[in-house]
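Notes to accompany the following structure.
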Amino acid sequence: MEKRRLGRSSLETAPIVFGGNVLGWTADQATGFRILDAFVDAGFNAIDTANTYSRWVPGNKGGESETIIGNWLKKRGKRDDVLILTKVGAEMGPGKKGLAPAYIKAELEESLRRLQTDYVDLYQSHRDDAATPMAETMETYAALIREGKVRAVGASNFTAARMRESLDACAKQKLPRYECVQPGYNLYDRADYESELEAFCLAEQIGVIPYYSLASGFLTGKYRSAADFGKSQRGGRMKDYLNPRGLKILAALDAVAGTHRATPAAVALAWLIARPSITAPIASATSVEQVKDFTLAANLKLSKDDIAALDKASA
């Protein structure tokens, strides 16, 4: 399968990254093992998670996703075959958040323990932290890279202005820079990313691995009316998408999917994959069946007319 370089780093990912937020939430360990097996067997190689996943589930405390991935890595012996992407910075409890040096180091050790590995391929700042000087955060990451505990670093939910600030700080002190960014971006939610961040990433050769690639499932096409909201735990979010523009996007996805004998989900992911600024969209799955859409998307070559139709519907 095609591999794409993540920014200027040595990391190369297949065109779709698995979203591990579902592990310990809508997918238990047994289901997660089956999904990860299918994902890697299909030729994909990058798994994204975070220390906070899935802290929002009643009874969870965070780290559940990393734990499932770590158990899978140990049982399958796949560590050298995959890229592990995790994050730090979002709240793990009272007083446990941010990008201060001591906190980053402590949380990385916890993540490594749960993942049952001695390094992560990409360590990402999950949320910006204006209270910590950018240079201190980047110096900490540089030290972790020198120690071999981290191969490259990235950011999530950063603005173009803050990404610029981080690059300037790294250039000034000759430190490793953020090699990628995770924005929320999909065929429905386009404005924020395309306004400034996209041009910045292209100019600076920053990799982009967007989350919410399927708009919490709306772009799969399974939510066509309010009666469909009960189809999943994310169904309640669909009211934000189920409007004339959303329906127009679904109609365009249906048309392109029909032309290629694909699914709306595969087409929505293929649209992201085809965008020059995107390295690989992050997509989650709660069943092995859904992984088939990833393979369809990775192999689907949209025409200029296909892309123009989708662009017009989602403008």
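Just so it is clear, the values below take in all heavy atoms, side chains as well, and ignore hydrogens, waters and symmetry mates.
A donor-acceptor pair under 3.5 Å is absent between the side-chain atoms of Thr132 and the main chain of Asp129, judged by distance alone. Here the side chain of Asn45 pairs a donor or acceptor atom with the backbone of Glu12 at under 3.5 angstrom. Without hydrogens or angle criteria, Lys87 side chain to Thr49 main chain gives a donor-acceptor distance under 3.5 Å. At distances below 3.5 Å, at least one donor-acceptor pair connects side-chain atoms of Ser65 with backbone N or O atoms of Gly20. A side-chain donor-acceptor contact under 3.5 Å links Arg245 to the backbone of Ser314. With hydrogens and angles ignored, the 3.5 Å screen pairs a side-chain donor or acceptor of Glu64 with a backbone N or O of Lys61.
Electrostatic pairing of Lys105 and Glu107 does not count as a salt bridge here, judged by no charged N lying under 4.0 Å from a carboxylate O. Checked for salt-bridge contact, Asp118 and Lys149 miss the test: no charged N lies under 4.0 Å from a carboxylate O. Contact check on Arg34 versus Asp28 returns no salt bridge, with no Lys/Arg side-chain nitrogen under 4.0 Å from an Asp/Glu carboxylate oxygen.
Counted within 6.0 Å of CG on Asp192, heavy atoms from surrounding residues, nucleotides or ligands total 12 or fewer; the atom is thus considered open. Counting non-hydrogen atoms of other residues, nucleotides and ligands closer than 6.0 Å to NZ of Lys3 gives a total above 12.
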Taking distance alone, no hydrogens or angles, what donor-acceptor pairs closer than 3.5 Å link side-chain atoms of residues 136-145 to residues at least two apart or in another chain?
| from | atom 1 | to | atom 2 | distance (Å) |
| --- | --- | --- | --- | --- |
| Thr137 | OG1 | Leu99 | O | 2.9 |
| Thr140 | OG1 | Glu136 | O | 2.8 |
| Tyr141 | OH | Ser125 | OG | 2.7 |

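Sorted by first and then second residue, the salt bridge (charged side-chain N to carboxylate O under 4.0 Å, His left out) pairs involving residues 204-215 (not counting sequence neighbours) are Arg164-Glu204. Among residue pairs with one or both ends in residues 191-210, those qualifying as ring-ring contact (aromatic ring centres under 6.0 Å, His included) are Tyr185-Tyr193; sequence neighbours excluded.
In the model, Asn186 has no side-chain atom that pairs as donor or acceptor with a side-chain atom of Ser213 under 3.5 Å. A donor and an acceptor atom, one from each side chain of Thr67 and Arg114, are nowhere located under 3.5 Å apart. Gln124 and Asp48 are linked by a side-chain donor-acceptor pair at a separation below 3.5 angstrom, with hydrogens and angles left out of the test. Side-chain atoms of Thr52 and Arg55 include no donor-acceptor pair closer than 3.5 Å. Of the N and O atoms on the side chains of Arg127 and Ser156, not one donor lies less than 3.5 Å from an acceptor on the other residue. A donor-acceptor contact under 3.5 angstrom links the side chains of Gln116 and Asn71, judged on distance only. In this structure, a donor-acceptor pair under 3.5 Å is present between the side chains of Asp311 and Trp271. No side-chain donor-acceptor contact under 3.5 Å links Asn51 and Glu110.
In this structure Tyr188 satisfies the ring-ring contact (aromatic ring centres under 6.0 Å, His included) test together with Tyr241, sequence neighbours excluded. A search for salt bridge (Lys or Arg N to Asp or Glu O under 4.0 Å) contacts involving Glu196 returns nothing, not counting sequence neighbours. With sequence neighbours excluded, no residue forms a ring-ring contact (aromatic ring centres under 6.0 Å, His included) with Phe294.
The hydrophobic clustering, which links ILVMFWY residues whose side-chain heavy atoms are closer than 4.5 Å, places Val82 and Phe33 together. Linking Ile, Leu, Val, Met, Phe, Trp and Tyr whenever their side-chain heavy atoms come within less than 4.5 Å puts Leu36 and Val22 in one cluster.
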